[in-house]
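These figures come from a predicted structure and were not determined experimentally. As the structure lists them, so they are numbered: ligands from 1, and atoms in each ligand from 1. Quick note: residue numbers are just sequence positions, from 1.
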Amino acid sequence: MRLSLNVDHVATLRNARGEAQPDPVTFALMAEQYGVDGIVVHLREDRRHINERDVRLLRELLTTKLDLEMSTDEVIVKIACDVQPELATLVPEKRQELTTEGGLNVLDNLEKIKNTIIKLHECDIPVSIFIEPDIDQIDAAAEIGADFIEVHTGTFANAVSESEIFDELERIQLGARHAKKIGLGVNAGHGLNYLNIKEIRNISEIDEVSIGQSIIARSIFVGVDQAVKEMIELIKK
Ligand code: PXP
């Protein structure tokens, strides 16, 4: 299982004062040195954290890979084609949300998502769709040409009772297995932390996890080096 680090919240902190620090690009480069397999950023339409300068600098400086999370907005698609990330992950985007609240509803937005995938493929960018571990959604993602899915793990991460956690884990495992069987690459993310990763790492069909908040929060206390290395150690166990 590989680890991609989402550095959006470093940019959130930077933007809180409208100044230059902490710089998400510097954070990403340090995390690469400490062993992450890739960097994820979400270039939102409202630019509330990551901005175009960050994306372009990351493109220039990263030695691993860049996963650009994005909506189906045409302006963002143009930027993606220009920047050429190794992966574009389509996510739902609402202005009022604090963070991405759930997977994209592929079935309800089939044409729009399919057209975006076609445009990104014309630019030679592989596409992932962030979705719920739901068999119909996964089949729809494959039918419209997605190369990967990213399974939304947020419901699992927020689950409290043992039965709810068990059910969610099973849903994620079945979804990941099905996606693999029909030829999709499988990533997973949202709400993963140093405790709940122990259950996700056992799902062998998941190729890569995308984690942001928990690693960035921990790095404030123990430093980027230790925060990244601790998570890698847990994932590889
Ligand atoms: N994957 C996707 C699609 C996301 O939108 C996010 C949050 O930006 C993450 C993964 C990372 O989630 P977290 O910050 O909770 O680790």
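Using a 4.5 Å heavy-atom cutoff, the side chains of Lys119 and Cys81 are not in contact. Contact check for Thr12 versus Ile216: no side-chain heavy atoms found under the 4.5 Å cut-off. In this structure the side chain of Glu69 never reaches within 4.5 angstrom of the side chain of Phe130, judged on heavy atoms.
In this structure, Val91 counts as a contact residue of ligand 1, since one of its heavy atoms falls inside 4.0 Å of the ligand.
Of the candidates His190, His152, Glu69, Glu69 brings a heavy atom nearest to atom 2 (C) of ligand 1.
To the nearest 0.5 Å, the span separating CG on Leu169 from CZ on Phe156 amounts to 4.5 Å.
Listed by number with element, the atoms of ligand 1 under 4.0 Å from a non-hydrogen atom of Gly191 are 12 (O), 13 (P), 15 (O), 16 (O). With ligand atoms numbered from 1 in the order given, ligand 1 contributes 13 (P), 14 (O), 16 (O) to contacts under 4.0 Å with heavy atoms of Gln213. Proximity to Phe130 (heavy-atom distance under 4.0 Å) selects the following atoms of ligand 1: 3 (C).
Considering backbone and side-chain atoms alike, His42 places every N or O at 3.5 Å or more from each N or O of ligand 1. Ligand 1 has no nitrogen or oxygen under 3.5 angstrom from a nitrogen or oxygen of His9.
Think of Phe148 as one node in a network of Ile, Leu, Val, Met, Phe, Trp and Tyr side chains linked at under 4.5 Å; its network also takes in Leu87. Membership of the apolar cluster around Phe221 extends to Val222, as traced through chained side-chain contacts below 4.5 Å between ILVMFWY residues.
Only the side chain of Glu150 comes within contact range of ligand 1, with a heavy atom under 4.0 Å; no backbone atom does.
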